[in-house]
Amino acid sequence: MSLLGNVSATGNSVVMTSSLSRDYYFNTTSGRTDVLSFRHGDIMGHRLQFRSRTNKITVCPFKVVCVDYPRPELDNTSNFLEAAYLSSTFPTAPRPAKPLNVVIAGAGLAGLSTAKYLADAGHKPILLEARDVLGGKVAAWKDQDGDWYETGLHIFFGAYPNVQNLFGELGINDRLQWKEHSMIFAMPNKPGEFSRFDFPDVLPAPINGIWAILRNNEMLTWPEKVKFAIGLLPAMLGGQAYVEAQDGLSVQDWMRKQGIPDRVTTEVFIAMSKALNFINPDELSMQCILIALNRFLQEKHGSKMAFLDGSPPERLCKPVVDHIESLGGQVRLNSRIQKIELNKDGTVKNFLLTDGNTIKGDAYVFATPVDILKLLLPEDWKPLPYFKKLDKLVGVPVINVHIWFDRKLKNTYDHLLFSRSPLLSVYADMSVTCKEYYDPNRSMLELVFAPAEEWIARSDSDIIDATMSELSKLFPDEIAEDGSKAKILKYHVVKTPRSVYKTVPDCEPCRPLQRSPIEGFYLAGDYTKQKYLASMEGAVLSGKFCARAIVQDYELLAARGEVMAEASLV
């Protein structure tokens, strides 16, 4: 699917060239920049009015591609500055006398991050990806029509300081399309309607978040809000130590312990739990929710969301690869690891690939999902407590659904939407929210189907039928379960049997540090120890921590490499 067009400035006119329609011009001699935006699906395709210097109204059949709200002021927050400082330690580190060759398994965000920061520090990463596509959990593919379908619906929050720094370091901040500062929930008891939590920009955190909650009277009553606020006080006063101590309780158990009505869980936290970890509140660790609330409420722009302006492999992963290769690193696709082969002392000898080739390095990193690591873990390592703890970390199944319709759906927004459906987590009309996926005539809904454990083995057609049944409640005037209204042109169902680790109670002690007890062997991944969730932010931060550990171990690894080289000559 091609873009509607490209916008460029020529003199006093802005020209929009389009493969779908003729060029359109509008005068900008007024000296001010007009913001062209829509906030609701039914505005799409309306003619826009521009007031010229002469105060005359000019009507143009200009179609808006999508909203681009200004990038929020993130750069002066303490978390952003902390992340920026960590990034700065790599290019400013002393240049190694002999760069390490570091073999990294997995070109998801954790592996890409590890390789990027090692390259910044002067080392030579060799990044191996089993599949023919970059991205891991953010991978995407093009179908025969040229349309993209993705592993998941990926949202970039203001509370992702390491991800935001990464975009800045790569010079691609303009690829994030920021949306209005709101959280929008469907109303199951009022089909076709939505309830909003709007965060006013004029207020600081956490007042803007409190205001958003207090102003919403459709989901919670005032007594419920008061009990919820009182229940949250220990978390707000106790800080990170309190948050970490709640890992042993599920969301549902914690809410009841705090005297918060079950309806608060039903109205708000079922949707949040499924969005954060694809499971329901009776399974999810409360620590996960409190970490998110802490970031969202303590940072003014923490809950502000952005969509990437195209597919993650091309618009995010490829710039990382270009950066790595520009500094002498390598990225190899179709390089699946069959076995971790060991030396007599139990350290890594090499990675054996399924094509029979072996890859040797001075250090080795596994940046795959935890379930893949466990499958390939050498028998000699399994009894070690560091690896034994991984048994409790199990990936959660999730399904991502894409449906192309024969018309433009009106009951949607240019935003992420919480469905509050028993089968669906969040969804978005990507033909509205994303520039590359924009279509002026037809909608493409991308939906996260969760919890998916009972559905992961079901047929695609069964999953689509169930999705359409739920959509008929969200779009009662536009979608019918029997297909008599909006028609499906095509669909894609992407199943991930083991996605992010299932954040059930008592998992936190099982998350490993990036430096393993095996000399020269390291881990990266959102399941490893870092203060964020199983998320894109957690994956990127884990990669930075992994790279830092390797840089800190340089002398040890360099000396070990010399000993191994001498031993191979004997």
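The figures here come from the full heavy-atom set of this structure, side chains too, leaving out hydrogens, waters and symmetry mates.
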Row check, Trp254 ring normal vs Lys257 NZ/CZ: under 6.0 Å, within 45° = no

How many angstroms lie between atom NE2 of His402 and atom OH of Tyr149, to the nearest 0.5 angstrom?
-> 9.0 Å

For Cys507, does its backbone N or O pair with a side-chain atom of Asp247 as donor and acceptor, under 3.5 Å?
-> yes

Say whether, by atom type as modelled, one donor and one acceptor occur between the side chain of Asp406 and the main chain of Lys487 under 3.5 angstrom.
-> yes

Is there a donor-acceptor pair under 3.5 Å between the side chain of Lys495 and the backbone N or O of Arg458?
-> yes

Any salt bridge between Asp174 and Arg71, counting N to O under 4.0 Å?
-> no

Inspect the contact between Lys274 and Glu283 and indicate whether a charged nitrogen and a carboxylate oxygen are less than 4.0 angstrom apart.
-> no

Quick one: are Arg498 and Val396 in side-chain contact, heavy atoms under 4.5 Å?
-> no

Indicate yes or no: at least one non-hydrogen side-chain atom of Ser182 is less than 4.5 angstrom from one of His415.
-> yes

Kindly determine whether Phe197 and Phe185 satisfy ring pair (Phe, Tyr, Trp, His ring centres under 6.0 Å), including the steps that lead there.
-> CA-CA 8 Å; Phe197 291 86; Phe185 291 74; 5.6 Å; yes

With rounding to the nearest 0.5 Å, note down the distance linking CG in Asp477 to NZ in Lys410.
-> 10.0 Å

Heavy-atom side-chain proximity of Val494 to Ile399 below 4.5 angstrom = no

Mark yes or no for whether Gln258, through its side chain, and Ile260, through its backbone, hold a donor-acceptor pair below 3.5 Å.
-> no

Derivation of the ring pair (Phe, Tyr, Trp, His ring centres under 6.0 Å) call for Phe194 and Phe418 | CA-CA 9 Å; Phe194 296 89; Phe418 293 83; over 10 Å; no

Is it true that atom NZ of Lys227 has more than 12 heavy atoms of other residues, nucleotides or ligands lying nearer than 6.0 Å?
-> no

Glu218, CD: over 12 other non-hydrogen atoms inside 6.0 angstrom = yes

Check whether the side chains of Ser250 and Asp253 place a donor and an acceptor atom closer than 3.5 Å, and report yes or no.
-> yes

Judged by atom type as modelled, is there a donor-acceptor pair below 3.5 Å linking the side chain of Thr496 to the main-chain atoms of Ser499?
-> no

Does any N or O in the side chain of Gln530 come within less than 3.5 Å of the main-chain N or O of Asp526, such that one atom is a donor and the other an acceptor?
-> yes

Does any donor atom in the side chain of Glu470 or Ser421 lie under 3.5 Å from an acceptor atom in the other side chain?
-> yes

Non-hydrogen side-chain atoms of Tyr437 and Glu150 separated by less than 4.5 Å | yes

With distance as the sole test, does Lys544 use its side chain to make a donor-acceptor pair with the main-chain N or O of Ala83 at under 3.5 Å?
-> yes

Any donor and acceptor pair, going by atom type alone, linking the side chain of Gln287 with main-chain N or O of Ala245 inside 3.5 Å?
-> no

Answer yes when Asp143 and Lys490 have at least one side-chain N-carboxylate O distance shorter than 4.0 Å, and no when they do not.
-> yes

In this structure, CD1 of Ile463 is separated from CD1 of Ile456 (nearest 0.5 Å) by 7.0 Å

Could you pull out every donor-acceptor pair under 3.5 Å between side chains of residues 200-215 and any protein atom, sequence neighbours left out?
| from | atom 1 | to | atom 2 | distance (Å) |
| --- | --- | --- | --- | --- |
| Asn208 | ND2 | Lys300 | O | 3.0 |

Scan side-chain atoms only and decide if Asn411 and Glu478 contain a donor-acceptor pair under the 3.5 Å cut-off.
-> no

Hey, does the side chain of Arg295 reach the backbone of Ala159 with a donor-acceptor pair shorter than 3.5 angstrom?
-> no

Electrostatic pair Glu244:Lys531 at N-O distance under 4.0 angstrom | no

Looking at CG of Asp462 and CH2 of Trp455, how far apart are the two atoms once the value is rounded to the nearest 0.5 Å?
-> 6.5 Å

Heavy-atom count around Arg263 CZ within 6.0 Å, excluding the residue itself: above 12?
-> yes

Would you indicate whether the side-chain heavy atoms of Met187 and Arg420 approach each other to under 4.5 Å?
-> yes

Testing Phe199, Trp178, Phe296 for side-chain contact (heavy atoms from CB on, under 4.5 Å) with Lys304, which one passes?
-> Trp178

Residues Lys374 and Asp391 bridged, charged N to O under 4.0 Å = no

Starting at OH of Tyr527, measure out to OG1 of Thr503 and round the result to the nearest 0.5 Å.
-> 14.0 Å

Close side-chain approach of Ile488 to Met468, heavy-atom, < 4.5 Å | yes

Flag the pair Ile403 / Leu471 as yes when at least one side-chain heavy-atom distance between them is below 4.5 Å, and no otherwise.
-> yes

Approximate separation, where rounding is to 0.5 Å, of Leu308 CG and Phe167 CZ = 5.0 Å

Would a line drawn from the ring center of Tyr532 to the ring center of Tyr160 be shorter than 6.0 Å?
-> no

Lys502 and Leu393, any side-chain heavy atoms less than 4.5 Å apart | no

Is Lys137 reaching over with its side chain to a backbone N or O of Pro369, donor-acceptor style, under 3.5 angstrom?
-> no

Report the C-alpha separation of Arg315 and Asp309 in whole Å, then their side-chain angles, then the decisive distance to 0.1 Å, and conclude whether the salt bridge (charged side-chain N to carboxylate O under 4.0 Å, His left out) test is met.
-> CA-CA 7 Å; Arg315 303 299 288 169; Asp309 66 358; 2.9 Å; yes

Show your reasoning for whether side-chain contact (heavy atoms from CB on, under 4.5 Å) applies to Val398 and Phe449.
-> CA-CA 6 Å; Val398 67; Phe449 195 103; over 6 Å; no

